[in-house]
Every structure is written in C-alpha cells, then in structure tokens.
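Working notes, structure below.
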Amino acid sequence: MTVHFIGAGPGAADLLTVRAVNLLRDSPVCLYAGTYLDPEVLAYCAPGTELIDTQHLNLDQIIDHLVRATEAGMDVARLCSGDPSLYSALTEQTRRLDAHHVAWDITPGVPAYAAAAAALGTELTVPEVVQSVVLTRTQARSTAMPPGEALANFAATGATLVLHLAITRIAVLARELVDEYGADCPVAVVYRASQPEQLVLRGTLSDIADQVAAAGLRQAAVILIGRAMATSFDCAQSHLYDPARAR
C-alpha cells in the first residue's frame with residue numbers, strides 16, 4: 001500500500017493533473033488541507049472515500065492516519081496545496097513514513113506562484129530586466145529561517161521575489177525592501193489564485209501594505225515583487241527567438 005503525496009495545485013479543481021485525478025479516484029482514504037483547498041477538488045474522490053481534513057491536526061496525528069490506513073490495506077491520497085516541493089512538510093512526513101516502512105510517492109502540482117503569475121498575465125523572467133526568481137518566506141511566529149537567508153540578501157540580487165506565508169507582515173517587508181528595490185518598485189498580491197474568491201492587488205512598495213490591510217487579507221496570498229511586475233515596460237528581444245541568431 002502507498003501514500004500518494006499529491007500536489008492539489010493552487011486550489012482550482014480543474015488545475016489538477018490527470019495522474020492526480022486518477023489517484024484520488026483510486027484511493028479509499030484522502031487527507032487534505034482544508035484551509036487552502038477548493039472543496040470541488042474532493043469531488044474527484046470516489047463515493048465512500050474517507051475524507052480527513054488536516055488543518056486542525058498535528059504532524060503525529062497525520063502520520064497516525066497515514067500509517068493506520070496503509071496497515072489496513074488501503075492506499076492514501078495525501079493532498080498538498082500547490083506543489084509538494086514547496087512548504088508542504090514533505091520531508092518531515094516521508095521520514096516518518098520511512099521509519100514505519102510505508103511506501104510513498106509524489107505527484108507534482110501547479111505551484112501557487114505559477115497560478116499567481118498567470119492571474120497577473122505576467123512573466124517572472126523578462127529579458128534584460130530580470131532573469132532570476134527567488135521563492136522564499138519570512139519568519140515571525142513560524143519555523144526559523146536558516147542563517148544567510150535574510151530577505152535583504154535575496155533583495156540585493158534584484159531578482160523577482162515571490163513571498164509565501166508572509167501576507168500578515170507585508171508592511172514590515174515593504175519597508176525592508178525599499179532600499180534595494182526603491183519605493184516605486186511594482187508589487188502584486190494574489191489572494192487564492194485560480195479560485196472563485198481570487199483577488200488581485202497591484203501597487204508599489206510604498207502603498208501595497210495599505211491595500212492589503214483594506215482588503216483584510218490574512219492568509220492564502222502570494223506576494224510578487226520586482227520590475228517584472230510592471231504593467232508596461234520596454235522589453236529586450238530574447239536571444240533564443242532573435243531572427244539574427246544562427247539556427
């Protein structure tokens with residue numbers, strides 16, 4: 001029996017992969033993160049599937065459900081918001097499953113930052129504007145950041161910054177980033193990207209925190225910072241598609 005870690009994508013039920021849908025239909029038990037998931041995603045589960053919302057469970061309780069289901073001869077769909085490779089506690093869970101000799105595999109999903117970029121209609125890497133993207137978060141009442149991963153260090157590169165799990169600290173973060181990016185640097189916030197409640201806010205480091213406060217956003221939002229967030233700018237032609245490039 002196998003625990004299938006499945007990327008549920010940013011929330012929209014029609015953004016799951018075909019593999020993810022098939023695994024949901026075939027797994028008698030499904031653990032999901034109810035905080036971020038569109039309930040329509042669970043409609044892919046077969047009638048009679050045991051549905052377990054993990055938003056109020058600690059890690060030991062989650063592992064207990066996974067192990068007991070597999071010991072009872074059942075595959076388990078473990079839905080992760082976005083993609084399992086980002087902020088999913090995948091490492092912690094799989095290490096514990098290994099200790100219990102429980103088989104597991106991973107099905108990728110659409111990451112939240114990609115859905116946010118799609119909602120904005122923007123490319124995060126623009127020729128001669130920015131060619132790097134930093135996916136990170138900040139630390140307040142959460143797991144400490146490793147030494148060297150201060151936000152200012154990433155900001156110094158000028159890369160497009162994508163901040164997860166940081167919406168409640170946006171005022172502080174905006175002030176920290178002004179020195180590197182400038183007060184006029186474009187910023188976008190996408191709340192519940194791809195879901196019916198999706199909300200897009202656009203502004204600059206000088207005013208985005210006020211917009212977030214006015215909208216009352218407290219979770220499930222991605223912050224994107226950098227010159228690629230501008231709604232218009234002169235764009236150099238990519239060398240890859242340059243007619244003058246030898247082919």
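Model, not experiment: these values are computed from the prediction. Side chains are part of it too, since the values below use all heavy atoms of this structure and drop only hydrogens, waters and symmetry mates. Nothing fancy with the numbering, it's 1 onward along the sequence.
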**OP:** Would you please name every residue forming a side-chain contact (heavy atoms from CB on, under 4.5 Å) with Ala118, sequence neighbours left out?
**Re:** none

Subject >> Shortest non-hydrogen contact from Ala115 toward Val110 >> reply: N-CG1, 4.5 Å

Original post:
Are Val29 and Val102 joined in one hydrophobic group, where the rule is that I, L, V, M, F, W and Y side chains link up if heavy atoms are under 4.5 Å apart?
Top reply: yes

**OP:** Not counting sequence neighbours, which residues clear side-chain contact (heavy atoms from CB on, under 4.5 Å) with Thr94? List them please.
**Re:** Phe5, Leu90, Trp104

Subject >> Contacts of type ring pair (Phe, Tyr, Trp, His ring centres under 6.0 Å), residue Tyr87, not counting sequence neighbours >> reply: His164

Original post:
So do Asp26 and Asp75 actually touch side chain to side chain, heavy atoms under 4.5 Å?
Top reply: no

Let me check something: any side-chain donor-acceptor pairs from residues 7-25 under 3.5 Å, sequence neighbours excluded? List them with distances.
unit_1	atom_1	unit_2	atom_2	d
Thr17	OG1	Ala20	N	3.0
Asn22	ND2	Val18	O	3.4

Subject >> side chain to side chain donor-acceptor pair (under 3.5 Å) against Asp184, all qualifying residues, sequence neighbours excluded >> reply: Arg227

Subject >> Ile167 side chain reached by Tyr191 side chain, heavy atoms, under 4.5 Å >> reply: no

**OP:** Please report the shortest heavy-atom distance between Leu42 and Cys30, naming the atom on each side.
**Re:** CD2-SG, 4.2 Å

Subject >> Non-hydrogen atoms of Thr138 and Ala166 that approach each other most closely >> reply: OG1-CB, 3.8 Å

Original post:
Going only through I, L, V, M, F, W and Y residues with side-chain contacts under 4.5 Å, is there a path from Leu165 to Tyr113?
Top reply: yes

**OP:** Decide whether Val134 and Val162 are clustered together by the hydrophobic rule: side chain heavy atoms of Ile, Leu, Val, Met, Phe, Trp, Tyr closer than 4.5 Å, transitively.
**Re:** no

Subject >> Nearest-0.5 Å distance, CD1 of residue Ile223 to CD1 of residue Ile170 >> reply: 4.0 Å

Original post:
Can you name the ring pair (Phe, Tyr, Trp, His ring centres under 6.0 Å) partners of His4, sequence neighbours left out?
Top reply: none

**OP:** Find the distance between CD (Glu71) and NE2 (His101) and round it off to the nearest 0.5 Å.
**Re:** 11.0 Å

Distance-only donor-acceptor hits, side chain of residues 196-212, under 3.5 Å, sequence neighbours excluded:
unit_1	atom_1	unit_2	atom_2	d
Gln198	OE1	Ser194	N	2.7
Arg202	NH1	Met229	O	3.0
Arg202	NH2	Leu120	O	2.9
Thr204	OG1	Ala183	O	3.4
Thr204	OG1	Ser206	N	3.3
Thr204	OG1	Ser206	OG	2.7
Asp207	OD1	Thr204	N	2.8
Gln211	NE2	Arg202	O	2.8

Original post:
Measuring from Thr122:OG1 to Leu224:CG, what's the distance to the nearest 0.5 Å?
Top reply: 8.5 Å

Original post:
Taking atom CG of Leu163 and atom OG1 of Thr136, what is their separation to the nearest 0.5 Å?
Top reply: 6.5 Å

**OP:** Specify the closest pair of heavy atoms between Ala116 and Ala193, including all atoms of both residues, with the distance to one decimal.
**Re:** N-CB, 3.8 Å

Original post:
What distance separates Ile6 CD1 from Thr107 OG1, expressed to the nearest 0.5 Å?
Top reply: 5.5 Å

Subject >> Residue pairs involving residues 42-62 (criterion side chain to side chain donor-acceptor pair (under 3.5 Å); sequence neighbours excluded) >> reply: Thr35-Gln55, Asp53-Gln55

Subject >> Value rounded to 0.5 Å, distance of CD1 in Ile63 from CZ in Arg96 >> reply: 6.5 Å

Subject >> Closest non-hydrogen atom pair between Val129 and Ala228, with its separation >> reply: CG1-N, 4.3 Å

Original post:
What about Leu86 and Ile106, same hydrophobic cluster or not, with Ile/Leu/Val/Met/Phe/Trp/Tyr joined at side-chain heavy-atom distances under 4.5 Å?
Top reply: no

Original post:
Is there a chain of hydrophobic side chains (I, L, V, M, F, W, Y, each step under 4.5 Å between heavy atoms) that links Val187 to Leu177?
Top reply: yes

Do any side-chain atoms of residues 77-85 form donor-acceptor pairs under 3.5 angstrom with protein atoms, and if so which ones, sequence neighbours left out?
unit_1	atom_1	unit_2	atom_2	d
Arg78	NE	Gln93	OE1	3.0
Asp83	OD1	Gly109	N	2.9
Asp83	OD2	Ser85	N	2.8
Asp83	OD2	Ser85	OG	2.4

Subject >> side chain to side chain donor-acceptor pair (under 3.5 Å) partners of Asp64, counting only residues at least two apart >> reply: Arg68

Subject >> pair Thr2-Thr70: side-chain heavy atoms closer than 4.5 Å >> reply: no

Subject >> Minimum-distance pair of heavy atoms, taken over all atoms of Thr125 and Ser132 >> reply: CG2-N, 4.2 Å

**OP:** Name all residues meeting the side-chain contact (heavy atoms from CB on, under 4.5 Å) criterion together with Thr157; count only those two or more places apart in sequence or in a different chain, and write none if there are none.
**Re:** Ala159

Original post:
Can you name the residues that form a salt bridge (Lys or Arg N to Asp or Glu O under 4.0 Å) with Arg175, not counting sequence neighbours?
Top reply: none

